[in-house]
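Hydrogens, waters and symmetry mates play no part in the numbers below; they use all other heavy atoms, side chains included. Chain letters run A, B, ... following the sequence lines, proteins first and then strands; every chain starts at 1.
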Number of protein chains: 2
Amino acid sequence: MTTRGRIDKRQAILEGAFTVFAREGYAQACVQDIARESGVAKPTVYNHMTDKATLFRNALEAAAQTALAGRVAALEPLAASQDDLRATLEEVAHALLRLHTDSRSCALKRLLYSEINHFPDILEIVKESGPDRLNQALADRLARLALAGRLRAADPDLAAEQFLALLLGPLEARSRLGTRTLEDAELRTMAAAAVDTFLRAWAAP
Amino acid sequence: MTTRGRIDKRQAILEGAFTVFAREGYAQACVQDIARESGVAKPTVYNHMTDKATLFRNALEAAAQTALAGRVAALEPLAASQDDLRATLEEVAHALLRLHTDSRSCALKRLLYSEINHFPDILEIVKESGPDRLNQALADRLARLALAGRLRAADPDLAAEQFLALLLGPLEARSRLGTRTLEDAELRTMAAAAVDTFLRAWAAP
DNA sequence: AGGAATTTGAACTCATCGGTTCAACGTAAC
DNA sequence: GTTACGTTGAACCGATGAGTTCAAATTCCT
């Protein structure tokens, strides 16, 4: 395994940094550990990133990008107009739950919460590519379904917000803030419960 | 200059500690600042608390206790069987939203998320007196309403979980993780939307 | 009033860590 | 080969902060 140029190291550093930050928190994570985790020397880290702070920002931004991509992709089944709406919603809900219980996702959320005071700017960066985008994408799908007469037509943005709330709200307590791994069966039950209530409130009359 | 030797410095220390921890995070908060914030000398802090870690635990536990008390008290209007169920639910929902947007509450949540890895035991302490208790208390109220024929009888625990999810889920994005203060009017709108959807799904058929 | 307990300020120890420097070491391009 | 550049390990500097010590000051209890 030989070093193949700068791009590899940079990527390794960003991933290693996120891993260590996620495990230790910003202040407790020391650059030496990040270097070791990335399989790189400490001066190399400072060769790519000017600061520990910018290292943190870049690592979080990269993690947020990949997280968002997966979540939006999980909405895909809603694109094709399905005949069994409930089954499709449950499938999407289950996929979203799985993505939100991923350890990297939980770590990202934790880091956001913990360092939002010291890095107010990461809120802009991540929020831009965060839940807002997911909400938007879901609202688009729901609007199409409303147009097709499957859902109530009123306010697809609100419908999306409440769908995600019903789905992800219980997750926090159930997963014990991300420290407990949930069985797949439990995820399915949660998805079904959320979809059931959502449809009772939002199905076309 | 300051009153020396006052009784019950312990309380002042716990409150000051929470304030500083909330502002700085665990690692960045230095005991000197906590002492200053509490109007107390540094050795006095160590006279009451053996460690920075136990100081943190105790401060969080105290904050969680008071937060829970307020929230359960906010459910009070549901006790007396009201004739206008929607109005009562909206009142309770609005009160809960106000409590959850309180800066101390947001700080508590942030601290929980950020230090859950370094202090796994605070999850037990706080969760015991946290959302679980609130959910339980609300489920009790909803069960009485179901018995009175106002709500669907099926699973009051799930109903409570979903009511809180509908109400508090959107809060995270709207308040920008607790960094934005929401207008009272917006809180009322959110409460009304949550209650509306909840009743559409859970009102007695 | 008087003794016990607590508080206080300041200085001190010791460890950690961000960030830098530097000489030696690949490695890739020409 | 040689030139240029990124990488490496190690050592170093300066700052910060946890936790302690201690004598003096203050408060509490009786």
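A salt bridge links B/Asp196 with B/Arg86; the closest basic N to acidic carboxylate O contact falls under 4.0 Å. Taking the charged nitrogens against the carboxylate oxygens, A/Arg110 and B/Glu115 have no contact shorter than 4.0 Å, which rules out a salt bridge. In this structure, A/Glu91 does not pair ionically with A/Arg188, as no charged nitrogen and carboxylate oxygen lie closer than 4.0 Å.
Under the 6.0 Å distance and 45° angle rule, B/Lys52 counts as a cation-pi partner of B/Tyr26.
For the pair A/Leu138/A/Val72, no side-chain contact is recorded, criterion being any heavy-atom separation below 4.5 Å from C-beta on. Put simply, the side chain of B/Leu177 reaches to within 4.5 Å of the side chain of A/Tyr113, judged on heavy atoms. When side chains are defined from C-beta on, B/Glu24 counts as touching A/His118, because their heavy atoms get closer than 4.5 Å.
In this structure, the CZ atom of A/Phe56 is 17 Å from the C1' atom of C/dC17, given to the nearest Å. Between the CZ atom of A/Arg36 and the C1' atom of C/dC17 there is a distance of 13 Å, rounded to whole Å. A straight line from CG of B/Asp8 to C1' of D/dT27 spans 15 Å, rounded to a whole angstrom.
With sequence neighbours excluded, no residue forms a side chain to side chain donor-acceptor pair (under 3.5 Å) with A/Ser114.
OP1 or OP2 of C/dT7 has at least one side-chain nitrogen or oxygen of B/His48 nearer than 4.0 Å.
Taking five base pairs at each end of the helix from C/dA1-D/dT30 to C/dC30-D/dG1, the local helix axes there meet at an angle of 30°, rounded to 10°.
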Atom pairs, protein N/O to nucleotides 14-21 of chain D N/O, distance under 3.5 Å:
| from | atom 1 | to | atom 2 | distance (Å) |
| --- | --- | --- | --- | --- |
| D/dA18 | OP1 | B/Ala29 | O | 3.0 |
| D/dA18 | OP1 | B/Lys52 | NZ | 3.0 |
| D/dA18 | OP2 | B/Val31 | N | 2.9 |
| D/dG19 | OP1 | B/Asp51 | OD1 | 2.8 |
| D/dG19 | OP2 | B/Tyr46 | OH | 3.1 |
| D/dG19 | OP2 | B/Lys52 | N | 3.0 |
| D/dG19 | N7 | B/Lys42 | NZ | 2.9 |
| D/dG19 | O6 | B/Lys42 | NZ | 2.6 |

